[in-house]
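What follows is a single structure, written as structure tokens, with notes after it.
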2 protein chains.
Amino acid sequence: MPLRRTALKSGPTKTATGQATSRGATREQVDVAIRTGLLAGRFIPGKAVTIRGLAAELGVSPMPVREVLQRLAAENALEVKPNGRVQVPDMTPARFDEVLKARLLLEPELAELALPHLTAGDAANLQSIDNDIDECLVSGDAEAYMRLNHAFHFSIYRATASKVLLPLIDSLWLQFAPFMRTVYGRVGTASLVDRHKEAIRAVELGDKQALRTAIAADISQGMGLLGKEILAGA
Amino acid sequence: MPLRRTALKSGPTKTATGQATSRGATREQVDVAIRTGLLAGRFIPGKAVTIRGLAAELGVSPMPVREVLQRLAAENALEVKPNGRVQVPDMTPARFDEVLKARLLLEPELAELALPHLTAGDAANLQSIDNDIDECLVSGDAEAYMRLNHAFHFSIYRATASKVLLPLIDSLWLQFAPFMRTVYGRVGTASLVDRHKEAIRAVELGDKQALRTAIAADISQGMGLLGKEILAGA
DNA sequence: AGCAGAATTTTGTGATCACAAAATGACACG
DNA sequence: CGTGTCATTTTGTGATCACAAAATTCTGCT
């Protein structure tokens, strides 16, 4: 039983809404659907995900789902077990340390590279996102918080038009996001801290070093402290 | 017409040689076949690669090839153009700089993490690989050199049993390997320099900092100098 | 009731098909 | 001789099928 029949596709070359579909459009839609679901924490680590299940839920044939699952497995966002079953990998302390280390190496670097491309308008946009984040923190909407936090960071990183570093960081976010969702589910969102305002100020001033430290601190405090605590308790 | 009929599969559950095939074995074989081909530089950047072509060459149906190509595209080892065609992405100066930067950030780090796990036997194995590399340099076998150089680095990195950093570095190698093959094709292998002996000595001594600098220097000199020169001339 | 074993259903995999878009080649016209 | 146009072929995509392995459920025995 499909949870929600989004009916991505109906006609051969046009969708019900009249929108033209180009090459690989179905796969693309399936890809963003699953990807955003992962980043928003709508998938539970350890929970198996079936091809036919997702296909039915999205109203498409198993075919594009198979390919997307393979893609996400290649990015280590999903794990293919020896029997072929696909599941969201569950977090281990060793894995968590590695993701944290990799983030601290790559994200400040890409932020610095992005800095020259960021305009005043971008800074204002970041400010707007951060305001929405503050609302989510008090309202306790963890899913919206994760979506906005992702938008905040990648609004910076994407300014580089990077084709190498950015995909690597993308892969990292896909790996830790589902776990962080479970963390927020336990500790709530009220205790979350970030260094976004420092980052915005660094962007406005064009201060490379300040941006690096703000991003690094944001990662260490937002992810590092919470995660280590949970993993120690589990 | 298949260039070489390797006939990976014939029967439903057994192959012609009587070897038992388990779940996803065909895809696995296709994956390593293309992956090693990429790392050895047997694919030319910019050259399109067709599903049916590879399928015929490997003696399998297009199905597993499709999934493997999607995987490699997700790792940025291959590029899917808007029309759906898949090709080895060609190198640009910006892309090259990013790969170099990412390698310098990640590989010394993972090498340092690997150091405590490396035994005297591992050091001897590295020495053996490096001896083979020296032979390739004088004989001019670029493909064997690339394979051995990859084996050298990943013999170190794999000691960590890393599930995060290692795949990231894997992705990077898949991205620059095809380009480097073209570089070696132009300048030959005689002029290649590496810092492998320093790295081996650092492993033997258990010197973290020395290993880091050896790896970093190996990357900068082996890849950085050559690549920048070629890209400048192109 | 507890549990081993068989029957049934679910699931991933590889193959094949139909179709449309794109690339390629042939060919006539300026 | 170059060039635009049309026919042919190639190619990716999504769907469906057949099959085997795995998971699940049911059943019968102790």
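In the text below, chain A, chain B and the rest are named by the order of the sequence lines, each starting its count at 1.
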**Q.** d(CD, A:E67; P, C:dT13) in whole Å
**A.** 13 Å
Hey, what are the protein-to-nucleotides 8-12 of chain D N/O distances that come in under 3.5 Å?
unit_1, atom_1, unit_2, atom_2, d
D:dG12, OP1, B:I51, N, 3.3
D:dG12, OP2, B:I51, N, 3.0
D:dG12, O4', A:R23, NH2, 3.3
D:dG12, N7, B:R52, NH1, 2.6
D:dG12, O6, B:R52, NH2, 3.2
D:dG12, N3, A:R23, NH2, 2.8

**Q.** Separation of D:dG14 C1' from A:Q29 CD (nearest whole Å)
**A.** 14 Å
Q: Calculate the interatomic distance between B:K81 atom NZ and C:dA21 atom P; express it in whole Å.
A: 19 Å
Q | Pairs where residues 39-68 of chain B contributes a residue and the test ring-ring contact (aromatic ring centres under 6.0 Å, His included) is met, not counting sequence neighbours | A | none
Q.
Check the phosphate of D:dA15 against A:S61, side-chain N and O only, distance under 4.0 Å to OP1 or OP2. Yes or no?
A. yes
Q.
Whole angstroms only, please: what is the CZ-P distance between A:R66 and D:dC17?
A. 14 Å
Q: Round to the nearest Å and state the distance from A:M63 atom CE to C:dT16 atom P.
A: 14 Å
(Q) Going by side-chain hydrogen bond (donor to acceptor under 3.5 Å, both in side chains), name the pairs with one or both residues in residues 159-169 of chain A, residues two or more places apart or in two chains. (A) A:S162-B:E98
Q: Quick one: list whatever passes side-chain contact (heavy atoms from CB on, under 4.5 Å) with B:A111, sequence neighbours left out.
A: B:I156, B:Y157, B:L211, B:I215
(Q) Test: salt bridge (charged side-chain N to carboxylate O under 4.0 Å, His left out). Region: residues 103-116 of chain B. Which pairs qualify, not counting sequence neighbours? (A) A:K101-B:E109, B:R103-B:E107, B:E109-B:R212, B:E112-B:K208, B:E112-B:R212
Q) Whole-Å distance between D:dG14 P and A:E28 CD? A) 11 Å
(Q) Between A:S171 and A:E75 (side chain of the first, backbone of the second, donor and acceptor by atom type, cut-off under 3.5 Å), is there such a pair? (A) yes
Using residues 85-95 of chain B as the side-chain source, report each donor-acceptor pair under 3.5 Å to any protein atom, sequence neighbours left out, with the distance given to one decimal.
unit_1, atom_1, unit_2, atom_2, d
B:T92, OG1, B:R95, N, 3.1
B:R95, NH2, B:Q175, OE1, 3.2

